[in-house]
**Q** 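The structure is given below, and queries will be raised subsequently.
Just follow the structure's listing: the first ligand is 1, and inside any ligand the first atom is 1.
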Amino acid sequence: MKIQEADAKALLLAQGLPVPGWAVARTAPEARTAAETILAGGAERVVIKAQVLVGGRGKAGGVRLAGSADEAEAVAGAILGMDIKGITVRKVLVAAAADIVKEYYLSAVLDRAARQILLMGSSEGGVEIEQVAAERPDAIVTIHAHPHLGLQDWQARDLAFRMGLGRHLKATVGIARGLVRTMLAFDADLVEINPLAIVRETGADGAAIERLVCLDAKVTLDDSALPRHPELETLRDPDEEDPADAEARLAGISYIHLDGTIGCMVNGAGLAMTTMDLVKRAGGEPANFLDIGGGAKADKVAAAMRLILADPKVDAILVNIFGGITRGDEVAHGLIEARAQQVRDVPMVVRIVGTNAAEAAELLEAARFETAASLDEAAAKAVAASAGGAGAPR
Ligand code: GDP
Ligand code: MN
């Protein structure tokens, strides 16, 4: 689950990381009020940032500075409602504008292959890290944190020096350790600070000081671990969740949208992947990965069918069920019910084997469904029925 910058910053703050304060506004007047408070506090300018779950907001014009409350209101008004990479901006973050001396990059990701947390740092901050990786891979410093021992101090110091942050050693070590803590505390699979910035501030005595702060934050939470953190569920942004993803989540169905034309309804993740492979081998392209799970009842089958048909590219459906805990006749009832409610007519091929397969076959035959005995046959029939398939005239 991706969360908004403001929420990511709250998680970082809770772990003791240096994050400058902010407010969130949903309207231009709200942004004005926030800006008035910040400017009254002594800031010269405010920064106004679109809150959308995509990167590159700066380049898209979604991050702008304002020097007065009037200007803040106008800028917020321009950013709210803006379209950034297909997403409409509905809220903005307002904060005191930082006086940036230099931008760095620091992130922690779950490195599944190494089974460790990988820290990546670079002195080339502010730009997308993929671009740095492509153009100047040597400018990226990496370090693994042991899952039990954690990030050792010497490792964090090494990282700081190699990032060119030796002058801010203590702060960098603290931030690097804080990123690892944030990963573990919330079961995140990404915590990214870009930019981590040296900023110029005025100290209590009026003298200029330089400080290292997290100016942007991106956190992705591990969906599978969310049940361990029910309080984080409130950070889900309904404005930006794909309606299909939301329906799948509520129905307890694993659903991943793909680019093909053949909708697949399968029980079991392994069988779903095998089904996708066989569709491809038969010359077709799967429209999705869909696992209705074990013991799927008729209503879940109907929900899965709605999900598949909501994709306008789907022009053929392959149902492949292995009855174990899942009973074939339950699935057949679900399919019959789903077809009765179906909004558009799409050819469907059904293969059901295992528990109550005979009862399922009878039901399906009575309802005049196209069935297949083997998975190869089912895949071939579905591909032939699809306009995007090899069996169809081009
Ligand atoms: P992103 O483009 O979505 O990653 O949004 P960021 O929050 O990273 O902002 C993009 C860029 O805007 C940063 O790399 C900075 O150069 C600039 N920026 C962001 N916040 C401030 C700020 O408070 N002051 C100044 N001067 N520039 C900022
Ligand atoms: Mn950024």
**Q** Quick check on ligand 1: any N or O pairs to the protein under 3.5 Å? One line per pair.
**A**
residue  : atom   : partner : partner atom : Å
ligand 1 : 2 (O)  : Arg57   : N            : 3.3
ligand 1 : 2 (O)  : Gly58   : N            : 2.8
ligand 1 : 3 (O)  : Arg57   : N            : 2.9
ligand 1 : 3 (O)  : Arg57   : NE           : 2.7
ligand 1 : 3 (O)  : Arg57   : NH2          : 3.4
ligand 1 : 4 (O)  : Asp216  : OD2          : 3.2
ligand 1 : 5 (O)  : Arg57   : NH2          : 3.2
ligand 1 : 7 (O)  : Lys49   : NZ           : 2.5
ligand 1 : 8 (O)  : Asn194  : O            : 3.0
ligand 1 : 8 (O)  : Asp216  : OD2          : 3.1
ligand 1 : 14 (O) : Glu103  : OE1          : 2.7
ligand 1 : 16 (O) : Glu103  : OE2          : 2.5
ligand 1 : 23 (O) : Ala98   : N            : 2.8
ligand 1 : 24 (N) : Ala98   : N            : 3.4
ligand 1 : 24 (N) : Ala98   : O            : 2.9
ligand 1 : 26 (N) : Ala98   : O            : 3.3

**Q** Are there any protein N/O/S atoms under 2.8 Å from the Mn ion (ligand 2), and if so, which?
**A**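 Sorted hits: Asn194 O, Asp216 OD2.
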
**Q** For residues 108-158, which residue pairs qualify under ring pair (Phe, Tyr, Trp, His ring centres under 6.0 Å), counting only residues two or more places apart or in two chains?
**A**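 The answer is His146-His148.
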
**Q** Would Thr275 and Asn320 count as having a side-chain donor-acceptor pair, cut-off 3.5 Å?
**A**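 On atom types as modelled, these side chains qualify, holding a pair under 3.5 Å.
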
**Q** Quick check on side-chain contact (heavy atoms from CB on, under 4.5 Å): which of Leu179, Leu232, Val191, Leu235 does Val219 satisfy it with?
**A**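 That would be Val191; it is the only one of Leu179, Leu232, Val191, Leu235 passing the side-chain contact (heavy atoms from CB on, under 4.5 Å) with Val219.
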
**Q** Would you check if there is a donor-acceptor pair between the side chains of Glu247 and Tyr255 at a distance under 3.5 Å?
**A** no

**Q** Using only atom types and a distance under 3.5 Å, with no angle test, would you say the side chain of Asn194 pairs donor to acceptor with the backbone of Val127?
**A** yes

**Q** Got a sec, which residues hit side chain to side chain contact (heavy atoms under 4.5 Å, CB included) with Arg249, two or more places apart in sequence or on another chain?
**A**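 Arg249 satisfies side chain to side chain contact (heavy atoms under 4.5 Å, CB included) with Glu233, Arg236, Glu241, Ala246 once adjacent residues are dropped.
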
**Q** Please find the pair of heavy atoms, one from Val89 and one from Gln51, that lie closest to each other, and give the distance.
**A**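 Between these two residues, the closest heavy atoms are CG1-N, 4.3 Å.
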
**Q** Will you find, in the side chains of Asp83 and Thr88, an N or O donor that is under 3.5 Å from an N or O acceptor?
**A**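 Their side chains do not contain a donor-acceptor pair, so the 3.5 Å distance test is not met.
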
**Q** If only side-chain N and O atoms count, and only distance matters, is there a donor-acceptor pair under 3.5 Å linking Gln4 with Glu240?
**A**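 Checked: Glu240/Gln4 side chains pair up, N/O donor to acceptor below 3.5 Å.
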
